[in-house]
Amino acid sequence: MKDRFQVVIDHLQKHYGEKEVLRDISFTFEQGQIYGLLGRNGAGKTTLFNCLNRDIRSDGGAFYLQEGGKRRPLGTRDIGYVPSTPTVPEFLTGREFLKFFLEINPHTGCDPAHMDEYFAYMSIAPEDRDKLLRDYSHGMKNKMQMLINIIAKPPLLLLDEPLTSLDVVVAEEIKQLLRREKEDRIIIFSTHIMDLALDLCDRIVLLSHGVLETVEKSDLGQEAFRERIIAALREEDHA
């Protein structure tokens, strides 16, 4: 049986001038889990993702993938990132974009001849597959970004507020998709909406005052559990 892998963050720090956004982030994420990264707007959730994705440089600490007692740096292919605002080449159709992605990423082992199966997996209707991406709705663009990240099979998938502004049907489709896909990867789902995190995620991680704190989900139905999270977020707001 193949060893389960982990993504380990060790004392990660990031500041902008005198503002400490990530003060001391240490955490171990486990394969097969969806983590809800919960925090107020501006708490540093996107900054954390950008550090892990190497879009920005951290000011201290380290992060790596660990498997079978061995560790290695996270590479480009290890990380999938779906930002809150979809960014797609709007001059291409959905089919052209997917074909291009498969051609430049042969390591995925996915056959361009089976593109319609991939579209169907994401519930993208046949009549939409040959439309220009500029004519896609926000939700459909989001699905396309999600699709290429699922095809690429990165062990770490970072989702930055991916369900914001989506209609109820599309949001539910994506939640079901993530539940199906979690077994072979680590999914970190950033949101400021507590009910969404509680509904979708296996574990809740609170980003407050620049550090991460695990919040147990054993008492999800109890008001005290919610009040604890809200109180922590309020403390940050008045800090």
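Residue indices begin at 1 and follow the sequence shown. Computed from heavy atoms alone, side chains included, the values below leave out hydrogens, waters and symmetry copies.
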Nearest non-hydrogen partners of Lys141 and Pro86, listed with the distance
CB-CB, 3.6 Å
Think Lys14 forms a cation-pi with Tyr16, using NZ or CZ under 6.0 Å from the six-ring centre and within 45 degrees of its axis?
yes
So, Ser26 side chain and His11 main chain: donor-acceptor pair closer than 3.5 Å or not?
yes
For Glu90 and Leu132, work out which heavy atoms get closest and say how close.
O-CB, 4.0 Å
So which heavy atom on Leu178 is nearest to which on Ile187, and how close?
O-CD1, 3.8 Å
Do any N or O atoms from the side chain of Arg72 and from the backbone of Leu65 form a donor-acceptor pair under 3.5 angstrom?
no
Check: Gly139 main-chain N/O paired with Asn142 side-chain donor or acceptor under 3.5 Å:
no
Single hit among Glu173, Glu172, Arg180 for side chain to side chain donor-acceptor pair (under 3.5 Å) with Gln176
Glu172
Membership question, hydrophobic clusters at under 4.5 Å side-chain separation (ILVMFWY): are Leu133 and Met115 in the same one?
yes
Short question: side chain of Arg129, backbone of Ile124 - any donor-acceptor pair under 3.5 Å?
yes
Are Tyr64 and Leu22 co-members of a hydrophobic cluster defined by side-chain heavy atoms under 4.5 Å apart?
no
Listing request: all side-chain hydrogen bond (donor to acceptor under 3.5 Å, both in side chains) pairs with a residue in residues 145-156, at least two apart in sequence or in separate chains.
none
Report yes if the side chains of Phe49 and Leu37 come closer than 4.5 Å at any heavy-atom pair, otherwise no.
yes
Mark yes when over 12 heavy atoms from residues, nucleotides or ligands other than Arg77 sit less than 6.0 Å from its CZ; otherwise mark no.
no
Report yes or no: does Gln31 contribute a side-chain atom to a donor-acceptor pair with the main-chain N or O of Glu183 at less than 3.5 Å?
yes
Okay, side chain of Asp10, backbone of Phe63: is any donor-acceptor separation there less than 3.5 Å?
no
May I ask you to check whether Asp160 and Thr46 show a side-chain donor-acceptor distance below 3.5 Å?
yes
Please answer whether the main-chain N or O of Ile56 pairs with a side-chain N or O of Asn50 as donor and acceptor at a distance below 3.5 Å.
no
Nearest heavy-atom contact between Cys201 and Ile204 is CB-CD1, 4.2 Å
Please check if Val211 and Val8 belong to a single hydrophobic cluster, counting links between Ile, Leu, Val, Met, Phe, Trp and Tyr side chain heavy atoms closer than 4.5 Å.
no
Look only at the side chain of Asn105 and the backbone of Phe101, and say whether a donor-acceptor pair between them is shorter than 3.5 Å.
yes
Identify whether Met144 and Tyr121 are in the same connected component of the hydrophobic contact network (ILVMFWY, side-chain heavy atoms under 4.5 Å).
yes
If you look at every heavy atom in Thr191 and Ala197, which pair is closest and at what distance?
CG2-CB, 3.9 Å
Quick one: sort the His114 and Tyr118 rings into parallel, tilted or perpendicular, breaks at 30° and 60°.
perpendicular
Between Val205 and Leu74, is there shared hydrophobic-cluster membership here, with clusters defined by ILVMFWY side-chain heavy atoms closer than 4.5 Å?
yes
Quick check: does any side chain N or O of Arg185 sit under 3.5 Å from a backbone N or O of Glu181, one acting as donor and the other as acceptor?
yes
Specify the closest pair of heavy atoms between Cys110 and Ile151, including all atoms of both residues, with the distance to one decimal.
SG-CG2, 3.5 Å
Applying salt bridge (Lys or Arg N to Asp or Glu O under 4.0 Å), name anything that partners Glu20, two or more places apart in sequence or on another chain.
none
Flag, side chain of Tyr35 to backbone of Ser190, donor-acceptor distance under 3.5 Å
no
Salt-bridge present (Glu30, Arg203; N to O < 4.0 Å)
no
Salt-bridge present (Lys131, Glu96; N to O < 4.0 Å):
no
Does the pair Asp199/Lys175 count as a salt bridge with the N-to-O cut at 4.0 Å?
yes
